[in-house]
Amino acid sequence: MRAAKQLQLDPAERQAARRLHNDVTSHLSEAGLIAGSFLQGSFARKTMLSPLHDVDKVVTLRSGLAPIRPVDIMRRIESALHGRVTGPL
């Protein structure tokens, strides 16, 4: 019973994590950087322990970004999110 209780996130905490996931996806899509994204890990499987410390997110980059160096893609991602997303990244 105790383990099951630890797997239950506060609804506000779950909603905040989903909002952050959606906001990040939206900003990266609008910047033309990603083709899609999905949640992975314990949050996606609903096996995370409370309190929530991180959410694993996978993004698939647009194919047109292939010739760009990874460090430059990371700079573009940082730029797309800077000042637009509230909460921990």
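In this view, Arg69 and Asp72 satisfy the side-chain hydrogen bond (donor to acceptor under 3.5 Å, both in side chains) rule, not counting sequence neighbours. Scored by the side-chain hydrogen bond (donor to acceptor under 3.5 Å, both in side chains) test, His27 finds no partners at all (sequence neighbours excluded). Not counting sequence neighbours, the partners of Asp54 by the side chain to side chain contact (heavy atoms under 4.5 Å, CB included) test are Asp56. In this structure Asp23 satisfies the side-chain hydrogen bond (donor to acceptor under 3.5 Å, both in side chains) test together with Arg19, sequence neighbours excluded. Not counting sequence neighbours, the partners of Pro51 by the side chain to side chain contact (heavy atoms under 4.5 Å, CB included) test are Glu13, His53. With sequence neighbours excluded, the residues that form a side chain to side chain contact (heavy atoms under 4.5 Å, CB included) with Arg76 are Leu33, Leu65, Ile68.
To the nearest 0.5 Å, atoms OG (Ser79) and CZ (Arg84) are separated by 6.5 Å. For the atom pair NZ of Lys46 and CZ of Arg14, the computed distance is 6.0 Å after rounding to the nearest 0.5 Å.
Listed by first then second residue, pairs satisfying salt bridge (Lys or Arg N to Asp or Glu O under 4.0 Å) with a partner in residues 31-42 number zero, not counting sequence neighbours. For residues 29-40, the set of pairs meeting the salt bridge (Lys or Arg N to Asp or Glu O under 4.0 Å) definition, not counting sequence neighbours, is empty.
Cluster annotation: Val85 is connected to Ile73 through the hydrophobic network of ILVMFWY side chains, with a link wherever side-chain heavy atoms come within less than 4.5 Å.
For the pair Val55 and Leu20, the minimum side-chain heavy-atom distance is 4.5 Å or more.
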Return a table of donor-acceptor pairs under 3.5 angstrom between the side chains of residues 35-45 and protein atoms on other chains or two or more places apart.
| residue | atom | partner | partner atom | Å |
| --- | --- | --- | --- | --- |
| Ser37 | OG | Thr25 | OG1 | 2.8 |
| Arg45 | NH1 | Gly41 | O | 3.3 |

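Residue Val71 shares its hydrophobic cluster (ILVMFWY side chains chained together at separations under 4.5 Å) with no other residue.
Closest non-hydrogen pair, Val24 versus Lys57, comes out as CG1-CE, 3.6 Å.
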